[in-house]
Q: 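The structure's right below; bear with me while I get my questions together.
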Amino acid sequence: MYKSHTCGELRKEHIGQEITLSGWVHRRRDHGGVTFVDLRDRFGISQVVTHPDISPEAHQALYPVRMEWVIQVTGIVRERPEGMENPDLATGYVEVEVNDVKILNPAQTPPFLINKEEEVDEQTRLEFRYLDLRRERMRDNLILRHRFIKFIRDYLDERDFLEVETPILFKTTPEGARDYLVPSRVHPGEFYALPQSPQQLKQMLMVGGVERYFQIARCFRDEDQRGDRQPEFTQLDLEMSFVGRDDVMELIEGMYTALVAEIVPHKKVLETPWPRMTYNEAMSRYGKDNPDIRFGMELQDITELVVESDFRIFASVAKKGGLVCGINARGLGDYSRKQLDELVEFVKRYDAKGLAYLALTTDGEERSSFAKFLAEETKQSILENMDAQPGDLLLFVADDEEVVYESLGLLREELADRLGLCDDDVLGFAWVIDFPLFTWNADEERWDPSHHLFTSPMPEDVHHLDSDPGQARGQQYDLVLNGNEVSGGSIRIHDSDLQEKVFGLIGLDPEVARQRFGHMLRAFTFGTPPHGGIASGIDRFCMLLADEPNIREVIAFPKNQSARDVMGDAPSPVEVKQLDELHIKLDLGEE
RNA sequence: GGGGGCGUGGUGUAGCGGUUAACAUGCGGCCCUGUCAAGGCCGAGAUCGCCGGUUCGAAUCCGGUCGUCCCCGCCA
């Protein structure tokens, strides 16, 4: 062994012992005579000291040593002289008086400082990810992620879940996101697909009698990147037989409640038991099906109040069956014209045509883009409706329901951000249930599943499938945390007739359905238990618990915005010979 | 596919029409026996992403391009 102790564990009780440490030179303080080195390993930092008159050889050996060199030192643990303790360091009451130094590996000067938590260009961090991982931020995130997954494994193991691995090479499912395809050498012209999730396979495991399954599953989707989206990501995938949706939700709520208490004890859960709201409630109150419930500023529907008003924009939208909603941005009543324009630009990103405002300044003035068109009485009822006080800023969007909800829902969170209404140490968990099973796709003139193809309708809504599929609710449940969807699941269809009916409703040709999902339809004829499950986005969850702005910070080797691995430089061209073996000819076109 | 932000020594920033391109940190050398972001002195290190244009003069203004990040589309 290269070390008898870690750099994080030395305490007063070790005083007098001869010990050996190995690690990286975190910092070096050379006083000409006495020299200090802060030696770092994954577990902490220990101060190492050499005196020219006590151990001249060790002192000499340490002379050329620089930051990030890997060294091994042997010496005696000493109590630090009085007044020289460092209470900021766990090991700060002792130091190691070194009598032997071995240089295990010198280091070039790193492109950025390991010992300083300053923002470094992300490109550089990713190019030298192995150095970035040495920094406290990434180390802590890796540890948090490990503990997160470890907790889940233990918790589910104790509850009789079986961890089962499912194939990475499986079958394409074009109805979801774009697939990553893998050409088959053995079968010319045929392809595997990397799984977008183990959805079908876990249902097959239920048919297979596993009853309680989970997996820390890598999933792949070939879509464009976002801060919370990577081409490959990790899900806790879970499925149970003989359960209803309450069973799944209770399990998950229990698990994450315990997890939070253990992994991030400094964080508080906003409300227990976690609130449950229907999809419709989430949309009308927050404009989103993944609302941040840590603050109010809820949407207020004033359509009825303005339908007969003289403000034509509001009135005409209201008469055409649209929606007029507002939010009260408390405390922004003194926003300047420029700041208001910014907000207008913000909602335009989501197709809102404008943003009407009514500001009550702190000194009692009223400024508004539209109030002059309103009868005094109408204005008063709006103010009352929205509980407007001096200093408040009322913001309104009038449009189709979809546009109103999206623009105001996101504006609400943007304003909360500006107003600092959200405490990162508060976890606002909520369940959203009773989603519509389908949403109408006007372009393709068919129903799209709002969750996925295998979600079971609510039993009392099954009859809607024949008459009015839009009315049918699915047995779906999403777990929302601080404005992010962190888990989504459903009770599945376990009946092949019902499954075929759903395929038909979403416009899947019966022949095509058989080709793609015949194995499932067949499996369901062999005695399938009622089953359901859930999948949690582990990257996203860890990102939130680590207070990080994007999931790359909780992934050891993430891809960049253009899906490239900048450290290993992937993807990359391949040898012609490799392509030949795969029976592939490239057609790269002109551009 | 579309829109926006950013690109200045290794790193983080300043400079925004004429500067010897500034500061911090890191790096090299010297001094220093109790520091812990050690300190002091000296020094090296940048043709300001790239190409073109405007101008007597461009890091600075304009156009293009590349890279990167964010957003829209996309993500059952």
Side-chain angles (χ1 to χ4, degrees), chain A residues 26-39 45-54 59 64 66-68 78 80-89 91-92 95 97 108-128 131-132 135 173-179 196-197 199-200 219-231 233 345-346 348-351 406-407 410 414 435 437-439 441 444 446-455 474 476 485 488 490 502-503 506-508 516 537 549-550 552 560-562 564 566 591:
Chain A
H26 192 64
R27 216 170 250 126
R28 181 173 181 277
R29 290 176 296 280
D30 183 351
H31 287 239
V34 64
T35 299
F36 301 96
V37 162
D38 289 339
L39 195 65
I45 288 176
S46 286
Q47 176 165 286
V48 155
V49 58
T50 59
H51 297 270
D53 35 3
I54 297 179
H59 191 256
R66 293 294 180 270
M67 281 198 292
E68 297 309 309
R78 302 283 189 208
R80 290 203 190 182
E82 199 167 335
M84 303 301 164
E85 305 90 352
N86 182 354
D88 297 333
L89 219 54
T91 60
E95 63 190 10
E97 189 182 281
Q108 281 189 10
T109 304
F112 50 83
L113 293 178
I114 309 302
N115 59 27
K116 194 174 171 189
E117 289 298 314
E118 74 181 342
E119 287 292 326
V120 175
D121 179 59
E122 195 169 1
Q123 166 95 4
T124 311
R125 290 177 61 203
L126 291 181
E127 198 176 328
F128 298 93
L131 297 180
D132 195 30
R135 307 214 294 173
T173 48
E175 29 285 311
R178 218 172 278 120
D179 281 323
Q196 296 178 24
S197 83
Q199 181 60 37
Q200 297 179 40
C219 307
F220 305 86
R221 291 179 194 176
D222 185 8
E223 297 295 347
D224 287 335
Q225 307 303 290
R226 282 290 188 286
D228 59 358
R229 265 162 34 195
Q230 283 269 301
F233 59 99
E345 287 311 307
F346 183 89
K348 280 186 175 169
R349 297 213 291 252
Y350 308 100
D351 292 335
E406 184 178 21
S407 57
L410 290 167
E414 165 72 16
F435 283 76
L437 191 58
F438 301 108
T439 48
N441 182 333
E444 308 276 335
R446 57 146 203 257
W447 294 99
D448 281 342
S450 42
H451 183 219
H452 61 52
L453 308 142
F454 312 111
T455 300
Q476 179 192 342
E485 183 197 326
S490 63
V502 169
F503 286 160
I506 63 167
L508 207 57
R516 290 193 192 139
N550 68 64
R552 294 186 299 275
N560 74 1
Q561 181 80 4
S562 43
R564 190 167 274 289
V566 293
E591 278 298 283

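From a predicted model like this one, the values you see are computed outputs, not experimental measurements. Letters A, B, ... mirror the listed sequences (proteins, then strands); counts begin at 1.
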Q: Quick one: which of B/U35, B/U33, B/C75 gets closest to the side chain of A/M84?
A: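 Of the candidates, B/U35 comes closest.
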Q: Using atom P in both nucleotides, what's the gap between B/C23 and B/G40 to the nearest angstrom?
A: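 The same atom, P, in both gives a distance of 15 Å.
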Q: Taking atom P of B/C74 as reference, at what distance in whole Å does atom CD of A/Q561 sit?
A: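 Atom CD in A/Q561 sits about 17 Å away from atom P in B/C74.
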Q: Measuring from atom CG of A/L437 to atom CG of A/D448, what distance do you get when rounded to the nearest 0.5 angstrom?
A: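 Here the interatomic distance stands at 11.5 Å.
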Q: Hey, is the side chain of A/R29 poking within less than 4.0 Å of OP1 or OP2 on B/U35, counting only N and O atoms?
A: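 Answer no for this pair, as no side-chain N or O of A/R29 is under 4.0 Å from OP1 or OP2.
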Q: Does B/U35 have its OP1 or OP2 closer than 4.0 Å to a side-chain nitrogen or oxygen of A/Q47?
A: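 Checking B/U35 against A/Q47, no side-chain N or O comes under 4.0 Å of OP1 or OP2.
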Q: Report the C-alpha distance between A/Q200 and A/R516 in whole Å, list the side-chain angles of each, state the deciding distance to 0.1 Å, and finish with yes or no for side chain to side chain donor-acceptor pair (under 3.5 Å).
A: CA-CA 11 Å; A/Q200 297 179 40; A/R516 290 193 192 139; over 6 Å; no
Q: Using only atom types and a distance under 3.5 Å, with no angle test, would you say the side chain of A/D179 pairs donor to acceptor with the backbone of A/T173?
A: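 Pair found, side chain donor or acceptor close to backbone of A/T173.
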Q: Between A/P81 and A/F454, name the one whose nearest nucleotide on RNA chain B is closer to the 5' end.
A: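 Comparing both residues, the 5'-ward one is A/P81.
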Q: Does CD in A/E117 sit with more than 12 non-hydrogen atoms of other residues, nucleotides or ligands closer than 6.0 Å?
A: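 Yes, CD of A/E117 has more than 12 neighbouring heavy atoms, counting only those of other groups under 6.0 Å.
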Q: Looking only at atom P, what distance separates B/G34 and B/G28, rounded to whole Å?
A: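 These two P atoms come out 23 Å apart once rounded.
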Q: Looking only at atom C1', what distance separates B/G15 and B/G9, rounded to whole Å?
A: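 Rounded to whole Å, the distance is 15 Å.
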Q: Assuming nearest nucleotide by heavy-atom distance, tell me which of A/V120 and A/F36 is located more 5' along RNA chain B.
A: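 The residue closer to the strand's 5' end, by nearest nucleotide, is A/V120.
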Q: Test side-chain contact (heavy atoms from CB on, under 4.5 Å) on A/D351 and A/E406 and set out the steps.
A: CA-CA 9 Å; A/D351 292 335; A/E406 184 178 21; 5.9 Å; no
Q: Quick one: which protein N/O atoms are closer than 3.5 Å to N/O atoms of nucleotides 23-29 of chain B? Pair and distance per line, please.
A:
from	atom 1	to	atom 2	distance (Å)
B/G28	OP1	A/R66	NE	3.3

Q: Ring-plane angle category for A/F454 and A/F503, please: parallel below 30°, perpendicular beyond 60°, tilted otherwise.
A: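 Geometry flag for A/F503 against A/F454: perpendicular rings.
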Q: Output the rounded distance in Å from CD (A/E85) to C1' (B/U35).
A: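 Those two atoms, CD and C1', are 13 Å apart.
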Q: Mind checking whether A/Q196 and A/E223 have side chains closer than 4.5 Å, heavy atoms only?
A: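 No, every pair of side-chain atoms sits at 4.5 Å or beyond.
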Q: Does a salt bridge link A/D224 with A/R226, judged by any charged N lying under 4.0 Å from a carboxylate O?
A: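 Salt bridge absent between A/D224 and A/R226.
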Q: Heavy atoms from C-beta onward define the side chain here; which of B/C75, B/U68, B/C74 lies closest to that of A/Q123?
A: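 Of B/C75, B/U68, B/C74, B/U68 is nearest to the side chain of A/Q123.
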Q: Using atom P of each nucleotide, how far apart are B/C66 and B/G10 to the nearest Å?
A: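 Approximately 24 Å lies between the P atom of B/C66 and that of B/G10.
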Q: Say you pick atom P in B/G49 and the same atom in B/U8; how far apart are they, in whole Å?
A: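 Here B/G49 and B/U8 have their P atoms 6 Å from each other.
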Q: Taking both distances under 3.5 Å as the test for a Watson-Crick or G-U pair, what stems of at least three pairs does RNA chain B have?
A: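 The stems that RNA chain B takes part in, listed by first number, are B:1-7 with B:66-72, B:10-13 with B:22-25, B:27-31 with B:39-43, B:49-53 with B:61-65.
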Q: Just the atom pairs and distances: protein N or O near nucleotides 41-44 of chain B's N or O, under 3.5 Å.
A:
none

Q: Taking only the side-chain heavy atoms of A/Y350 (C-beta and beyond), determine which of B/C71, B/C74, B/C69 contains the nearest atom.
A: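 Nearest to the side chain of A/Y350 among the choices is B/C71.
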Q: Just the rounded figure in Å: distance from C1' of B/A76 to CZ of A/R446.
A: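 One finds 9 Å between C1' of B/A76 and CZ of A/R446, rounded.
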Q: Can you tell me how far apart CD (A/Q561) and CG (A/N550) are? Round to the nearest 0.5 Å.
A: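 Those atoms lie 10.0 Å apart.
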Q: Heavy-atom count around A/E118 CD within 6.0 Å, excluding the residue itself: above 12?
A: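 Yes, enclosed.
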Q: Hey, is the side chain of A/R229 pairing donor to acceptor with the base of B/C75 inside 3.5 Å?
A: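 Yes, the side chain and the base share a sub-3.5 Å donor-acceptor pair.
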Q: What is the distance, to the nearest angstrom, from the CD atom on A/E175 to the C1' atom on B/C75?
A: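 Atom-to-atom, A/E175 to B/C75, this comes out as 15 Å.
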Q: Mind checking the P distance from B/A46 to B/G57? Whole angstroms is fine.
A: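 It works out to 26 Å between them.
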Q: Under 3.5 Å, is there any donor-acceptor pair linking the side chain of A/D224 to the base of B/G73?
A: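 Side chain to base: pair found, below 3.5 Å.
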Q: Do we count A/H31 as stacking onto B/A38 if the rule is ring centres under 5.5 Å and planes under 30°?
A: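 Yes, the aromatic ring of A/H31 stacks with the base.
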Q: Test side-chain contact (heavy atoms from CB on, under 4.5 Å) on A/Q225 and A/Q230 and set out the steps.
A: CA-CA 6 Å; A/Q225 307 303 290; A/Q230 283 269 301; 4.0 Å; yes
Q: Send over the distance from A/E406 CD to B/C72 P, rounded to a whole Å.
A: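 To the nearest whole Å, that distance equals 8 Å.
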Q: When you measure from the side-chain N and O atoms of A/S562 to the phosphate of B/U68, is any distance below 4.0 Å, counting only OP1 and OP2?
A: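 Affirmative; the distance criterion is met.
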Q: Base, sugar-phosphate, or nothing: which does A/D88 touch, judged by heavy atoms less than 4.0 Å apart?
A: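 A/D88: no heavy atom of the nucleic acid under 4.0 Å.
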Q: For B/A14 versus B/C74, give the span between their C1' atoms, rounded off to a whole number of Å.
A: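 After rounding to an integer number of Å, I get 40 Å for this pair.
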Q: Checking the side chain of A/H59 only, and the main-chain atoms of A/D53 only, is there a donor and an acceptor separated by less than 3.5 Å?
A: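 The answer is no, because no donor-acceptor pair under 3.5 Å joins these two groups.
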Q: So what does A/R564 touch, heavy atoms closer than 4.0 Å: a base, only the sugar-phosphate, or nothing?
A: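 Contact class for A/R564: none.
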Q: Given atom CD of A/E485 and atom P of B/A76, what is their separation to the nearest angstrom?
A: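 Rounded to whole Å, this separation is 10 Å.
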Q: Suppose you measure atom P in B/G7 against the same atom in B/C62; what distance do you get, rounded to whole Å?
A: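 Result for the P pair: 13 Å, nearest Å.
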Q: Between B/A37 and A/R27, is there an OP1 or OP2 to side-chain N/O distance shorter than 4.0 Å?
A: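 Checking A/R27 against B/A37: no side-chain N or O falls below 4.0 Å of OP1 or OP2.
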Q: Which part of the nucleic acid does A/G92 contact within heavy-atom distance under 4.0 Å: base, sugar-phosphate only, or nothing?
A: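 Result for A/G92 = nothing.
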Q: I'd like to know if A/E95 reaches the base of B/G34 with its side chain, counting only an N/O donor and acceptor under 3.5 Å.
A: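 Yes.
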Q: Considering the options A/N115, A/I45, A/I114, which one meets the side-chain contact (heavy atoms from CB on, under 4.5 Å) requirement together with A/R27?
A: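 Only one option passes, and that is A/N115.
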Q: Please determine whether a side-chain nitrogen or oxygen atom of A/R226 lies at a distance below 4.0 Å from atom OP1 or OP2 of B/C74.
A: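 Answer is no, no contact under 4.0 Å.
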Q: Kindly say whether, by distance alone, the side chain of A/R80 makes a donor-acceptor pair under 3.5 Å with the base of B/U35?
A: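 Answer is yes: a donor-acceptor pair is held.
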Q: Checking the side chain of A/E85 only, and the main-chain atoms of A/G83 only, is there a donor and an acceptor separated by less than 3.5 Å?
A: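 Indeed, once roles are kept as given, a pair shorter than 3.5 Å links the two residues.
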Q: With a non-hydrogen cut-off below 4.0 angstrom, is A/N560 in contact with a base, only sugar-phosphate, or nothing?
A: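 Sugar-phosphate, no base atom in range.
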Q: Can a donor-acceptor pair be found, under 3.5 Å and without considering hydrogens, that links the side chain of A/R552 to the backbone of A/G227?
A: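 Side chain of A/R552 to backbone of A/G227: no pair is present.
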Q: Rounding to an integer number of Å, can you tell me how far A/D38 CG sits from B/G34 C1'?
A: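 The answer, rounded to whole Å, is 13 Å.
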Q: Separation of A/Q196 atom CD from B/C75 atom P, in whole Å?
A: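 The answer, rounded to whole Å, is 10 Å.
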